[in-house]
Protein chains: 2
Amino acid sequence: MTDGVVERSRPRDRILETAQDMFHRHGIKGVGVDAITEAAGTNKMTLYRHFESKDELIIECLRATAAKASKIWDAFEAQHPGDKLAQLHAWVHKASEMLNADCRGCDMANAAVELSEADHPARRVIKELKEAQREKLVALCRDAGIGQAELLADTLSLLLEGARVSMQSVGAEGPSAQFVRMAESLIASFRAR
Amino acid sequence: MTDGVVERSRPRDRILETAQDMFHRHGIKGVGVDAITEAAGTNKMTLYRHFESKDELIIECLRATAAKASKIWDAFEAQHPGDKLAQLHAWVHKASEMLNADCRGCDMANAAVELSEADHPARRVIKELKEAQREKLVALCRDAGIGQAELLADTLSLLLEGARVSMQSVGAEGPSAQFVRMAESLIASFRAR
DNA sequence: CTAGGGTGTTACCGGTCTGTAACTTCCGCA
DNA sequence: TGCGGAAGTTACAGACCGGTAACACCCTAG
């Protein structure tokens with residue numbers, strides 16, 4: 001009963017939405033296409049009329065989640081127009097919000113872990129999307145007037161990535177509990193240079 | 001031909017060694033017990049005479065890799081007896097060494113990502129082993145004379161965890177390339193307080 | 001030499017997986 | 001009203017999965 005996304009919309013959209021949710025919660029290899037279509041209130045044939053394979057569906061899901069993340073960035077700009085430093089702090093705050101108890105981590109990073117085949121079609125998509133996100137964070141740091149923008153952005157990236165994976169192995173009371181403090185003091189020390 | 005660990009030793013040891021290697025490279029759900037036993041030069045029946053289930057084998061593999069990691073810590077003490085700060089720098093150096101191009105990340109973290117079921121028997125083992133490793137790093141920082149030992153240890157943990165997962169999504173030229181610089185300057189700044 | 005335990009072999013069970021074929025039903029639009 | 005395309009249904013193919021049963025083998029300890 002937890003996997004029911006059966007509101008009426010076009011089957012393709014329902015499948016995509018449901019697949020994102022189920023891949024996120026149960027992992028890619030932990031969910032079959034049958035389970036997705038059932039939870040989406042449709043059937044396997046319809047899925048394969050819209051997506052040529054499960055791999056293609058995976059890729060579309062990753063693109064969709066990246067698009068959602070992109071909207072969050074737009075919200076930062078809307079909330080603090082022109083104030084890049086405030087947007088950076090908003091990024092930290094938003095990131096820490098996502099580190100709640102039942103956090104299942106970053107879909108792209110999780111997919112990279114699960115899809116270990118070096119030539120899996122999703123891998124290049126993951127790399128592209130992650131590189132785009134990195135560019136965004138670097139630009140934000142640079143525009144916030146920080147000197148070593150790349151280094152700060154990369155450090156913040158690793159901290160967040162680490163916090164998300166640490167949550168899954170030791171839980172919310174582990175090292176990830178200190179994420180905000182780490183990130184904020186990092187930003188402060190970079191600004192002081 | 002890449003998965004052959006067929007040197008003569010007792011079947012149980014061969015299975016454990018082979019399983020560790022294959023779980024690490026292909027992921028837990030990406031490897032079947034048949035493939036493990038074949039690569040170990042034995043058969044499925046023998047596996048199930050020594051391990052009561054695949055889950056139990058997974059757990060034994062995690063314990064074995066943790067034991068190997070523990071030996072690396074012993075080496076730090078052997079190389080720099082009593083000099084805890086030197087051991088901390090050795091930890092950073094060793095960690096960065098493991099971030100080579102075809103790094104597949106931390107087995108325990110990867111397992112936590114793959115085994116999404118909250119009540120999977122391996123999860124509590126992962127948590128225990130990770131907490132033990134955390135305690136070790138905290139103690140090392142504390143004995144190295146650093147004030148906020150827990151915070152430094154947790155920050156270094158997240159950086160390393162993040163570097164290992166970042167490697168798998170964007171490769172070795174991504175943010176993880178700066179791991180040593182980040183870790184060293186972190187240690188320096190904590191020592192200066 | 002012999003007994004017995006560890007090991008290898010083969011076959012099998014029931015289930016799940018991705019993906020497809022053939023057919024029916026439904027719904028919107030002209 | 002009737003037509004056409006989208007969606008649903010059922011069944012299936014072929015492969016793989018974890019796990020077990022029954023039996024033959026071999027090697028070593030006594």
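To find a chain, count down the sequence lines: A is the first, B the second, and so on, and within it residues start at 1.
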Starting at atom [atom1] of [X], determine the distance to atom [atom2] of [N], rounded to an integer number of angstrom.
X	N	atom1	atom2	result
B:Leu57	D:dG19	CG	C1'	13 Å
A:Asn43	C:dC26	CG	P	14 Å
B:Ile36	D:dG19	CD1	C1'	14 Å
B:Lys29	D:dC16	NZ	P	19 Å
A:Glu38	D:dT10	CD	P	13 Å
A:His26	C:dC17	NE2	P	12 Å
B:Ile28	D:dC16	CD1	P	21 Å
B:Leu47	D:dC17	CG	C1'	14 Å

### Message
Surrounding CZ of A:Arg193 (heavy atoms of other residues, nucleotides or ligands, distance under 6.0 Å), is the total greater than 12?
### Response
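Count over threshold, so yes.
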task: Using a cut-off of 6.0 Å, state whether more than 12 heavy atoms not belonging to B:Glu173 lie near its atom CD.
output: no
With respect to the phosphate group of [N], does any side-chain polar atom (N or O) of [X] fall under 4.0 Å of OP1 or OP2?
X	N	answer
A:Thr46	D:dA6	no
B:Thr42	C:dG8	yes
B:His50	C:dT7	yes

Does this structure show an ion pair linking [X] with [Y], if we count only N-O contacts that are shorter than 4.0 Å?
X	Y	value
A:Glu131	A:Arg134	no
B:Glu17	B:Arg14	no
A:Lys84	A:Glu77	yes

For this session: State whether the side chain of B:His89 and the backbone N or O of B:Leu85 hold a donor-acceptor pair below 3.5 Å, judged by distance alone.
Result: yes
### Message
I'd like to know if the side chain of A:Arg123 reaches the main chain of B:Gln168, judged simply by a donor and an acceptor atom lying under 3.5 Å from each other, with no hydrogens or angles considered.
### Response
yes
Notebook entry, point to check: Between B:Thr18 and B:Asp21, does any side-chain donor sit less than 3.5 Å from a side-chain acceptor?
Noted result: no
task: Tell me yes or no: between the side chains of B:Ser157 and B:Lys130, is some donor less than 3.5 Å from an acceptor?
output: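 The answer is no; no qualifying pair exists.
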Show each protein N/O and nucleotides 24-29 of chain D N/O combination with a separation under 3.5 Å, one pair to a line.
none

Kindly give the atom pairs (protein nitrogen or oxygen, nucleotide nitrogen or oxygen) under 3.5 Å for nucleotides 19-25 of chain C.
residue, atom, partner, partner atom, Å
C:dG19, OP2, A:Tyr48, OH, 2.8
C:dG19, OP2, A:Lys54, N, 2.8
C:dG19, N7, A:Lys44, NZ, 3.1
C:dG19, O6, A:Lys44, NZ, 2.3

